[in-house]
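A quick write-up on the structure given underneath.
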Amino acid sequence: MIEIKNLRKTYGDKTVLDIDSLTVKKGEILVVAGPNGSGKSTLLKIIAGVIKASEGTVVSEGEIFYLPQQSVPFAKTVRRNLLFAAKDKLNAKERCSTLLNELALNELADKNALALSGGECQRLALGRVLMNKGDCLLLDEPTSAADIEGGELMEKAIKQYQAQTGCAIIMTTHSPAQALSFAHRIIMLNRGTIAEQGSASELLAEPETDWGKKFVDMWKI
């Protein structure tokens, strides 16, 4: 579970995040949407502990794994990247083999990860996160660099992982289709605040605010 109270992040006089309350329960998939600069990535970074909040608290239970928008591969083969990320060394080879198949990385397994394309690197970065069993995944636009086929493989792998572990997922996306496919609940950020929240179907069909209606209209599938 993730529980946020009175969370603020400021840079000088500029407030980039201002959330009074937000709770994500175990097993829930929360999609965070909003325009560029609305605070989506900042929210995930604070929960992950990458940056500190200016005010407020984030209380979490269990182990959290974070996938940033831009992940740098290690200067090792694809296979060694996955194995290196594993905490459970006893079952690492089996898990590695599974993910190489699920993410279509088998043919690249012995290639230096530094030579991968952007989409291949993003699949590898997701694979490194999925090597371990966590209680919450923080995924910042996890398929943004992937082509259609690669994105579908990644989405399937995420869903399988969630079904197997029962973890919570907080995911940012610019894709309405992805939001509908994944979300139990969506929050829409506008200038760092929660402007809309609700189920995916309800929120995309009938936003409550004028801003929400305008954003959803521009965000149509």
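- Contact of the Ile19 side chain with the Leu43 side chain is registered, since non-hydrogen atoms from C-beta on lie closer than 4.5 Å.
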Exercise. Which is it for Glu3 and Val58 under the side-chain contact (heavy atoms from CB on, under 4.5 Å) test, yes or no, and what are the steps along the way?
Worked result: CA-CA 6 Å; Glu3 187 171 5; Val58 177; over 6 Å; no
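- Atom NZ of residue Lys26 and atom SG of residue Cys136 lie 10.0 Å apart, to the nearest 0.5 angstrom.
- Across all non-hydrogen atoms, the minimal contact from Leu103 to Ala157 is CD2-CB, 3.9 Å.
- Both Leu137 and Ile186 are assigned to one and the same hydrophobic cluster, defined by single-linkage of ILVMFWY side chains at heavy-atom distances under 4.5 Å.
- Hydrophobic clustering keeps Val24 apart from Ile158 (ILVMFWY residues linked when any side-chain heavy atoms are closer than 4.5 Å, directly or through intermediates).
- Using a 4.5 Å heavy-atom threshold, the side chains of Cys96 and Met131 count as touching.
- Listed for the Asn81 side chain is a donor-acceptor partner under 3.5 Å among the backbone atoms of Thr77.
- Atom NZ of Lys111 sits in a crowded spot, with more than 12 heavy atoms from other residues, nucleotides or ligands closer than 6.0 Å.
- Of all heavy-atom pairs spanning Leu99 and Gly127, the tightest one is CD1-O, 3.4 Å.
- Lys9 contributes no side-chain N or O that, together with a main-chain N or O of Thr42, makes up a donor-acceptor pair within less than 3.5 Å.
- In this structure, the side chains of Leu30 and Leu22 come closer than 4.5 Å at one or more pairs of heavy atoms.
- Judged by distance alone, the side chains of Ser41 and Gln69 do bring a donor and an acceptor atom under 3.5 Å apart.
- In this structure a side-chain-to-backbone donor-acceptor pair under 3.5 Å is missing from Gln162 to Ala168.
- Checked by atom type and distance alone, the side chain of Thr165 pairs as donor or acceptor with a backbone atom of Cys167 at under 3.5 Å.
- No more than 12 heavy-atom neighbours from other residues, nucleotides or ligands sit within 6.0 angstrom of CZ on Arg80.
- Here the closest non-hydrogen pair linking Met154 and Ala146 is SD-CB, 4.0 Å.
- Checked by atom type and distance alone, the side chain of Glu28 never pairs as donor or acceptor with a backbone atom of His184 at under 3.5 Å.
- Residues Val32 and Leu189 are in side-chain contact: their nearest non-hydrogen atoms beyond the backbone lie under 4.5 Å apart.
- Glu120 places a side-chain N or O within 3.5 Å of a backbone atom of Ser117 that can act as its donor or acceptor partner.
- Interatomic distance, CG of Asp88 versus NZ of Lys133, reported as 11.0 Å (0.5 Å rounding).
- Stacking of Arg128 on the aromatic ring of Phe74 is recorded, both the 6.0 Å distance cut-off and the 45° axial limit being met.
- No continuous path of hydrophobic side-chain contacts links Ile64 to Ile29 [ILVMFWY only; heavy atoms under 4.5 Å].
- Heavy-atom contacts from other residues, nucleotides or ligands closer than 6.0 Å to CD of Glu208 number 12 or fewer.
- No cation-pi contact links Lys159 to Tyr161, judged by a cut-off of 6.0 Å to the six-membered ring centre and 45° from its axis.
- Taking both residues in full, the closest heavy atoms of Tyr66 and Val129 are given as O-CG2, 4.0 Å, listed atom of the first, atom of the second, then distance.
- In this structure, the side chain of Arg8 does not engage the main chain of Ser54 through any donor-acceptor pair within 3.5 Å.
- Contact check for Leu138 versus Thr172: no side-chain heavy atoms found under the 4.5 Å cut-off.
- Between the SG atom of Cys121 and the CG atom of Leu126 there is a distance of 11.5 Å, given to the nearest 0.5 Å.
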For this session: Give the intermediate values and the outcome of side-chain contact (heavy atoms from CB on, under 4.5 Å) for residues Ile47 and Ile4.
Result: CA-CA 9 Å; Ile47 296 172; Ile4 290 169; 3.9 Å; yes
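- Judged by distance alone, with hydrogens and angles left aside, the side-chain atoms of Lys89 form a donor-acceptor pair with the main-chain N or O of Leu83 at under 3.5 Å.
- No donor-acceptor contact under 3.5 angstrom links the side chains of Gln178 and Ser175, judged on distance only.
- Residues Pro207 and Val216 share a closest heavy-atom pair of CG-CG2, 3.6 Å.
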For this session: Please assess Leu82 against Leu100 for the test side-chain contact (heavy atoms from CB on, under 4.5 Å), listing each intermediate value before the final yes or no.
Result: CA-CA 9 Å; Leu82 293 176; Leu100 287 172; 3.7 Å; yes
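- Leu7 and Ile194 fall within a single hydrophobic cluster, where Ile, Leu, Val, Met, Phe, Trp and Tyr are joined by side-chain heavy atoms under 4.5 Å apart, directly or via other members.
- Side-chain atoms of Thr209 come within 3.5 Å of backbone N or O of Gly212 as a donor-acceptor pair.
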Exercise. Would Gln122 and Ser144 count as a side chain to side chain donor-acceptor pair (under 3.5 Å) if you check the C-alpha gap in whole Å, the side-chain angles of each, and the deciding distance to 0.1 Å?
Worked result: CA-CA 8 Å; Gln122 197 167 43; Ser144 60; 3.2 Å; yes
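- Ion pair Asp110/Arg79 flagged as a salt bridge, since at least one NZ, NE, NH1 or NH2 atom sits closer than 4.0 Å to an Asp/Glu carboxylate oxygen.
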Problem set entry | Residues Val59, Ile2; criterion side-chain contact (heavy atoms from CB on, under 4.5 Å); working and verdict | CA-CA 6 Å; Val59 178; Ile2 306 290; over 6 Å; no
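- Not one N or O on the side chain of Asp20 forms a donor-acceptor pair closer than 3.5 Å with the backbone of Lys5.
- To the nearest 0.5 Å, atom CD of residue Gln70 and atom CD of residue Glu141 are 10.5 Å apart.
- The shortest distance between side-chain heavy atoms of Arg95 and Thr98 falls below 4.5 Å.
- From Phe215, atom CZ reaches atom CG of Asn190 across 9.0 Å, with rounding to the nearest 0.5 Å.
- With sequence neighbours left out, the salt bridge (charged side-chain N to carboxylate O under 4.0 Å, His left out) criterion links Lys87 to Glu63.
- Counting only heavy atoms from C-beta outward, the side chains of Ile169 and Val31 never approach each other to under 4.5 Å.
- In this structure, Lys76 satisfies the cation-pi test against Phe84, with its NZ or CZ atom closer than 6.0 Å to the six-membered ring centre and inside 45 degrees of the ring normal.
- Contact record, Gly62 with Asp135: CA-OD2, 3.1 Å, taken as the closest heavy-atom pair.
- At least one side-chain heavy atom of Pro73 sits under 4.5 Å from a side-chain heavy atom of Leu114.
- Here the straight-line distance linking atom CZ of Arg123 with atom CG of Asp147 works out to 7.0 Å at 0.5 Å rounding.
- Leu105 and Leu116 fall within a single hydrophobic cluster, where Ile, Leu, Val, Met, Phe, Trp and Tyr are joined by side-chain heavy atoms under 4.5 Å apart, directly or via other members.
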Problem set entry | salt bridge (Lys or Arg N to Asp or Glu O under 4.0 Å) between Lys156 and Glu102, intermediate numbers included | CA-CA 8 Å; Lys156 184 177 179 180; Glu102 287 183 0; over 6 Å; no
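- The neighbour count for Gln160 CD, taken as heavy atoms of other residues, nucleotides or ligands under 6.0 Å away, is above 12.
- Asn106 and Asn101 form a side-chain donor-acceptor contact under 3.5 Å, judged by distance and modelled atom types alone.
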